[in-house]
Structure formats: structure tokens, C-alpha cells
Amino acid sequence: MDTSLQGLQPIFAPRTVAVVGASRNRRSIGYSIVHNMLVNGFTGAVFPVNPKAEVVHSLKCYPRLSAIPDPIDLAVVVVPKHHVESVVDDCIAVGVGGMVVISAGFAETGPEGAVRERRILEKVRRAGIRMVGPNCMGVSNTDPSVSLDATFAPVTARRGSVGFVSQSGALGVAILNEAAALGIGLTQFVSVGNKADVSGNDMLQLWHRDENTRVICMYLESFGNPRRFTEIAKQVGRDKPILVVKSGRTDAGARAASSHTGALAGLDVTVSAFLAQCGVLRANTMAELFDVARALDRCPLPRGPRLAIVTNAGGPGIMATDACVNLGLDLAELTDQTRQRLAEFLPAEASLANPVDMIASASPESYRRALEIVLDDPGVDMALVVNVTPLLEDPSEVLAAATEGAANTRETKPVLAVMMAKEDFYASIHGRDDLLPVYRFPEPAAVALGKLERYARWRRRPLTTPPEFDVDSTRVREILSSYDEGYLGPAHTFEILQAYGIPCVAWQVAEGAAQAAEVAEALGFPVVLKAIAPDLVHKSDAGGVAVDLRSAQDVLEAAETMTRRLAEVGHRPEAFLVQRFEKGGHEVIFGISTDPRFGPLLMFGLGGKYVEVFGDVKFAVTPLAEAEARDVIGGLRGHALLEGVRGEAAADEEILVDVLLRLAQLATRHPRILELDINPFLARPAGSDPVALDARIRLCPS
Ligand code: ADP
Ligand code: MG
């Protein structure tokens, strides 16, 4: 273990804890912390520190840290903000092993607080000790050999296998409550507060090595170091699932965006793409986090996407089917043998195809048997039990029977239960972790199964590094260095694409109308004429594009009309871009948009006018492996269009994957590229050449 992680040891498994700022006032945080430690049976010794008290919570109280005779592993600091710094000095002087600073009034309050925070951080860093907080709710560790609850929360985490880190202290209380109610046990809970030192990244690494932690849950408001998070999460995710709720979703307009990619790529989109690619499951709400967490906690990962539904009512069965199919799961095809086995005990009215509808008369025993039989089917990877309580039946018996029916396959096939029952039923399963995870409605259960399957699929995928293309980076660097910032001219833009092996339409720049006509002759008719003018970004909107010109005369006339129309909107063409007129194929868009912290974001979607109307695009971050690029291309809602509808030939997707990977390399090697759009790119069937027809590149200042 590296030394910085070793430094967390005294914080999570201390033998001695000093509570600096312990208080006799039962309503204070300084009291609650001592109280929680005592009532939850901390296995080490607690030393309250407060110069104004002799005794706190029946414990002898010390006036200062240095008065404590024992060496201190962990100091929990709850003094007012202006005293924190001198307490930190004391902690370092007596040689504490680690610190949790509960006190608020630091970076979260503004620049002045940030200065205070930086000062204490420098001190702990220099002393080589780790600090959780400031501005946090504390930490707990349910390991019975430690049994530490150094939080001021009114609820205590129960033992289990989920590591939970929360960036919000207030939410921490709600998290502990909800986890307890749903029977989700924790290994450790950490409220990281301002994350001055210990961050979510540290916890990921710690829990990666902790064999008791099987699932990692995080409530995050910000990523301190997103790139580092990616690296760590990709590794940790191979061994255990990471489930994240990231708030602060409405950060979008933060960047200047004049390209399509920039406009479509809000920060939240970036965060989603980046989490998905490192295998991290993102929950949209706290409720969803708990829905998924209890499935991850109690179920194995599915081996595939094939789902069986066992229900006693048609409607809820259909709702469950819809929800699951929409989330990408497949309804399993049950074998004849499975159906026969079901027919042996189910009434004639029952439906033996999936969903298996046992009708309202289904007994707990029918649930047990039916579930066992469908789970025995080799074509079933997971199951959903759906139960609507009929008159006189006890849903608890159904749940118990279903749990039994799933027992044989509990190591291989996840099973969730949708129990549509009365309130007293839910109260009766409060805190139970020995039953199938229960959901009130089909949709949240479907979401949970969908996420399990998605994570399992990500984990099955072999780790590959992005391909490296042999490209002319020197030429690209030369071009980029000739610009201070802003848009590249069209000739340079196409040159860069070509240097990276991206196929482009035949093009040439002409100084004036006459030269354009000559160039057109050389390229061969028909051609397209485009105006080049400073700040002319959306050319066709301003009348700056004329297509399908068939003669020199056409070109001359188009140049004249174009110049006139552009003048009306205040543009003066400096030159013309002449291109071969390309027919046939699907217009798609490729893009790059670089976020200063997350790095480059890549985009692919349906292009041309479709971008504006449908916004059907997919995002990915670098490093981009081939399989990931394939997911992007195949993941479009309108993907069927590329596959060819009504007898059209399918576009060659291999080339699209190739272009996306080349752009990823371009973006990675040349971070000055702030935005890039290729729109349209003509995707075509294998055998005919696909081409980029239009592109723009915007640079950030060098
Ligand atoms: P802008 O996006 O600045 O308006 P484009 O160069 O993309 O200008 O041209 C607008 C549209 O004209 C494209 O979306 C495409 O449909 C068509 N177009 C542009 N260049 C060609 C070309 N070389 N061959 C065929 N069609 C073209
Ligand atoms: Mg365009």
C-alpha cells in the first residue's frame, strides 16, 4: 500500500481517539461525537479535550491534547473555525496519526475561508498526516474489531459490504437513515466535506484493497481531479462496482460554444460520458442510487441480458417488460422443457411464455417453484418477480418463497422482487437483508437490473489501449503554431484532417471568381463553391454555399450572387473554396470539444440538418479504445439510418470507427484544439469513399 493510503489507517482503525472540542451540551456536535463513539461500542479509548470541562459523557476530560498521557491515533476536531489552525498545530506537535476536521467555515464560505483551509492543509501535508474534511460529518467503520462511529449523525451505519463516501454532510444523515431502512450495510462511511486532503479518489483506492467492501457508492458534487478519477475508477471498477450520484447537473453554459459539438456538449454530458467509459454507474437521484445499490449489494452480476419475469398479474408484468426492454434487456426465450415443467403445476389459464403469468391464484409455493424452474433455464440470466397482493394472501410469504426459489442460483443469477403491497408489508421488511431486494414498482427494479447488466458487460470487455495511427503530426503542429487563437482557415482545416488520414472531398482555394472557375475545370464538374470570409462560420445560412455547379459559367454566376448576398449580411468573401460536388451517402457529424479539466470530449451523430432538429449524438472521452468507439457509433438512436432503410445500402461503419479514433488521437496530441466539427461527413457503403465535406477548428490561445 502506498504511504498516503497507509496514512488513512489511523483515521479508520484508530486505537485511541481524542475529540478536541468535546462538549457537555447534549445538543452540540462536540457531545454527539463522544456519545456516538461510546454507545456504538468503539473498541479503543476515547479522550475528550476541552479546557472548560472536567468530565464529558462520564469520561475524564483533558484541557489540551498534550495533557493526554497516551499517544493519539485519531484527532476529531470540532472547535470553532478560528481555533482549528492552532489545534492542528497541537495535533502535529503531539504526533497524532490522522485527523478528521468537522468544523465548518473554510473554503465553502468564500476566499477568506479558502485561505484558512489552505493554511491547515499545508501544515498537515508538511507533517505527513492525512486529514478528512474540513466541513464534514465525520467517519465511521463498522468492522467489529474497530466499531468506530466518529460522526454526529443520529443514526449509525450497520455492518455490511458497501463503502459510502458523501461530499455533503447533511445528506450523509439521510444516506445512513435510508441505508439502514433498506437493509444496506456499510463497511465504512466517510463524509469528505471540502476534500482538502482526503478525497473520493483516496477512498476508491482504499476500498479497492479492502476485501470486506464489495460495492462503492459515492455522492459527489465536484470532481477534484477528473483525469485521476478516471484512472483509478477504471482499475477499481474491474473488481468492484462504483455507483455515483453526481449533483450539479446544470452547469452547461459554462463554455463558449459556437460549434455544434460545443453547444451539445454541456458539462453534464461530459461527466456522463466520462463516468460511463470508466465503468462507473451513474444514478440520477438518491432514490435511484439506493435502488441500484441494494441490487449490487445482494445480487451477483448477470452473465448476459436475458431476463425472465414471473408475475401473478398481467398489467404489472407488461409494465415490467416495457421498462426492462427500454433499458436494453432482452426477454428470455424459455425452453420447451422449462414450459413443460411450469405446465405441470400452473393452472391452464396461466401464460407459460415469458413473462410467466401465474394469474391471481398463484400461491407462495407457485412463486417458489416457478422461479426455481425459470432460473434453471440456461437461456435466463436474471429474473424479476412481480407480485400484486391478492385478497387474503400475505406478501411476506410470497417474498420468502421467492427468496427460496432463487437460492439455488444466488451466486450466478440476480433476482429482484417488485412487491405491490400495503404499507405494513414494507414496514415488516424494514432493515432486512436476507430477502430478495424489494421494489414498489417495476420501473426502479428495471433500472437496477439494467445497470447491473451494463456494468457486467463493461467488466467483461477486455482492457485495450487506443490504437495509434501513423500521422503527420509535424504538419499539424506547424499549422497550429501559426495561429494565436480562433478559427483556422478552411485550407488549414482540411490539411489537418488529411494529415490525420481522414478522407476529405477534393478541394482547392481560389482567390477570386475567375480563378474559382479555373480551379473548377481542373477538379472536374459538378462542383460546390463556398465563400471564405473572416467570421463567416455558418456559411449556408448566409448564402455562402452553392452546390451542383456544372460549368465555369455556373461558377462565375454563383460567385457573383454569393458576393452580393453576403454583402447584404455584412460579409466580404476574401477567397472561395471549390470542392467536388459529392452525391450519395448519409450526412453524419464528428466533433471534438475540449473541457479544461476533463480534457477532450468526442462526439458523433447524425449530421447536416439532423443535428439541429434531433440532436441525435453520442459522446465519449479519451483515451478511446476501439470497442468504445464502436459503442459510440452503434449507440445512436437513429443508428438504423446508417444500417440502411428501405433498400438503401448500409454505411461502412468501420470507417466511422476509424475516423473517431483518429480524432481522439488528434485531440489528445493537440490539446489546443478547443472545438472541431466535421459536418457533414458523408458516410457511405463499403467500397465507395466516404468524405468530409465541411469542417471547422477553433483553437484556444497558445
Ligand atoms: P455550413 O455548414 O457552413 O453551412 P457546409 O459546407 O456544411 O456549410 O455546406 C452546407 C451543406 O451543403 C452541407 O450540409 C451539405 O449538405 C452540402 N454540401 C457542402 N459541401 C458539399 C459537397 N462538396 N458536395 C455535396 N454537398 C455539399
Ligand atoms: Mg457544415
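These values consider heavy atoms only, across backbone and side chains, with no hydrogens, waters or symmetry-generated copies. Read the numbers this way: they start at 1 and go in the same order the structure lists the ligands and their atoms.
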Using a distance-only test with no angle check, is there a side-chain donor-acceptor pair under 3.5 angstrom linking His571 and Asp535? no

Need the atom name: nearest N/O/S atom of Asp694 to the Mg ion (ligand 2). OD2

Could you tell me whether Glu568 and Arg564 make a salt bridge, using a distance below 4.0 angstrom between a side-chain N and a carboxylate O? no

Please verify whether a non-hydrogen atom of Leu536 lies at under 4.0 Å from ligand 1. no

Would Val537 count as a contact of ligand 1 if the rule is a heavy atom under 4.0 Å away? yes

heavy-atom search around atom 22 (C) of ligand 1 in the protein gives Val528 CG2, 3.5 Å

closest protein heavy atom to atom 21 (C) of ligand 1 is Leu693 CD1, 3.6 Å

With a cut-off of 2.8 Å, does Ser540 place any N/O/S atom under that distance from the Mg ion (ligand 2)? no

When you compare ligand 1 with His538, is there at least one nitrogen or oxygen pair between them that comes in under 3.5 angstrom? no

Salt-bridged, Arg306 to Asp330, with N to O below 4.0 Å? no

Indicate the ring-plane relationship of Phe229 and Phe274, choosing parallel, tilted or perpendicular according to the 30° and 60° boundaries. tilted

Aromatic rings Phe590 and Phe604: how do their planes relate, parallel, tilted or perpendicular, breaks at 30° and 60°? tilted

Can you pull out the closest protein heavy atom to atom 7 (O) of ligand 1? Residue, atom name and distance to 0.1 Å, please. Asp694 OD2, 2.9 Å

Say whether Lys583 and ligand 1 are in contact under the criterion: heavy-atom distance to a ligand atom below 4.0 Å. no

For atom 6 (O) of ligand 1, find the nearest protein heavy atom and state the residue, atom name and distance (0.1 Å precision). Lys530 NZ, 2.5 Å

